[in-house]
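Numbers here are sequence positions counted from 1.
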Amino acid sequence: MDNFEKVEKLRERANVSYEEAKQALENSNWDILDAMIYLEQSGKVRGPEQSSYTTQAEKVKIDFDDDKECKSSFSDNLRRFGHWCQKVLEKGNNNSFCVERDDNEIFRIPITLLVVFLLFAFWVVVPLLVVGLFFNMRYHFAGPDVRSVDIDLNKAMDSAAEAAENIKSEFGGAAKDENN
């Protein structure tokens, strides 16, 4: 900012003449804050009437001049939410939850349908999935939107299937030991 701009800015803020603003800036080495303090000390500008600090929050009143702005921003937010929901549903419908047994696919359902089943029949779906693990079922996600996060999820499902196999073999070994 050049000196002329500083003089103009100080003149506007302090409501002083051009000469007074220039003189104050020259006396304060062209620092606007120091010039403002100089003007206050010389009595050409009144300082703040009162200074106080508080820990209480100030009440701020917001006036809306135009109710249409508020409504349009709400409708814009609603529209964005609708687009987001549409994208999520599209991804859920394009990607699938697959159930396999002995490397043969038994069925494949869209992830959206799986989520609906989990929401409305959680106490039925989850036990069926767990019991399926003990009958050599394997689960994974497939589709065009499967990313590294989903691959990690598929690895976790594979390790759950392996854990079920380990439990089966432990119980099978314990049952054989009891029979002998």
Side-chain angles (χ1 to χ4, degrees), residues 1 5 9 12-13 31-33 48 50-180:
M1 181 182 313
E5 290 174 347
K9 186 168 251 179
E12 289 172 9
R13 291 191 185 238
D31 188 329
I32 294 178
L33 180 60
Q50 128 190 51
S51 312
S52 66
Y53 297 97
T54 181
T55 58
Q56 296 179 350
E58 293 182 26
K59 293 182 180 179
V60 178
K61 183 180 177 186
I62 299 174
D63 292 329
F64 290 105
D65 294 334
D66 192 7
D67 288 336
K68 291 180 183 177
E69 289 179 20
C70 184
K71 289 179 184 176
S72 69
S73 67
F74 177 74
S75 64
D76 288 342
N77 289 337
L78 193 59
R79 188 176 301 112
R80 276 188 243 129
F81 179 72
H83 288 296
W84 177 80
C85 289
Q86 184 179 5
K87 286 180 185 178
V88 168
L89 284 173
E90 283 177 15
K91 284 188 177 190
N93 290 336
N94 291 336
N95 298 296
S96 302
F97 177 74
C98 303
V99 178
E100 296 178 349
R101 182 172 184 200
D102 300 326
D103 294 327
N104 295 325
E105 186 173 291
I106 297 174
F107 67 90
R108 174 185 293 241
I109 62 170
I111 293 175
T112 306
L113 189 58
L114 176 68
V115 170
V116 169
F117 285 154
L118 285 172
L119 286 174
F120 293 108
F122 179 81
W123 297 109
V124 175
V125 173
V126 172
L128 284 175
L129 291 173
V130 172
V131 169
L133 289 173
F134 291 102
F135 287 100
N136 298 328
M137 302 281 189
R138 297 258 178 184
Y139 310 117
H140 70 275
F141 290 99
D145 296 322
V146 173
R147 294 179 294 174
S148 61
V149 174
D150 299 327
I151 292 170
D152 291 338
L153 186 59
N154 286 337
K155 287 180 184 177
M157 285 194 261
D158 286 340
S159 64
E162 290 171 12
E165 290 293 323
N166 291 339
I167 292 171
K168 277 179 23 181
S169 65
E170 286 178 18
F171 279 113
K176 288 180 184 176
D177 290 340
E178 287 179 11
N179 291 336
N180 292 334

Set of residues satisfying salt bridge (charged side-chain N to carboxylate O under 4.0 Å, His left out) with respect to Arg101, sequence neighbours excluded
none

In Å and rounded to the nearest 0.5 Å, what is the CG to CG distance from Leu114 to Leu119?
9.5 Å

Could I get the full list of salt bridge (charged side-chain N to carboxylate O under 4.0 Å, His left out) partners for Glu90, not counting sequence neighbours?
none

Check: residues 120-142 side-chain donor-acceptor pairs under 3.5 Å, at least two apart:
| from | atom 1 | to | atom 2 | distance (Å) |
| --- | --- | --- | --- | --- |
| Asn136 | OD1 | Lys168 | NZ | 2.8 |
| Tyr139 | OH | Leu129 | O | 2.7 |

Using the salt bridge (Lys or Arg N to Asp or Glu O under 4.0 Å) rule, collect all pairs that involve residues 124-135, keeping only residues at least two apart or in two chains.
none

Would you mind reporting whether Ser96 and Ile109 have side-chain heavy atoms less than 4.5 Å apart?
no

Could you tell me whether Arg79 and Asp76 have a side-chain N and a carboxylate O separated by less than 4.0 Å?
yes

How long is the straight-line distance from CD1 of Ile167 back to CD of Glu170, given to the nearest 0.5 Å?
7.0 Å

Can you tell me how far apart NE2 (His83) and NZ (Lys87) are? Round to the nearest 0.5 Å.
8.5 Å

Would you check if the side chain of Asp102 reaches a backbone N or O of Asn104 as a donor-acceptor pair within less than 3.5 Å?
no

What are the two closest non-hydrogen atoms of Asn77 and Arg80, and how far apart are they?
OD1-NH1, 2.9 Å

Checking Ile32 against Lys9 for the side-chain contact (heavy atoms from CB on, under 4.5 Å) test, could you report, in this order, the C-alpha distance in whole Å, the side-chain angles of both residues, the deciding distance, and whether it holds?
CA-CA 8 Å; Ile32 294 178; Lys9 186 168 251 179; 4.0 Å; yes

Side-chain contact, heavy-atom cut-off 4.5 Å: Phe97 with Met157?
yes

By side chain to side chain contact (heavy atoms under 4.5 Å, CB included), which residues pair with Leu78, not counting sequence neighbours?
Phe74

For the residue pair Pro110 and Leu113, establish whether any side-chain heavy-atom pair is separated by less than 4.5 Å.
yes

In short, side-chain hydrogen bond (donor to acceptor under 3.5 Å, both in side chains) pairs touching residues 105-117 with sequence neighbours left out are Asn93-Thr112, Glu105-Arg108

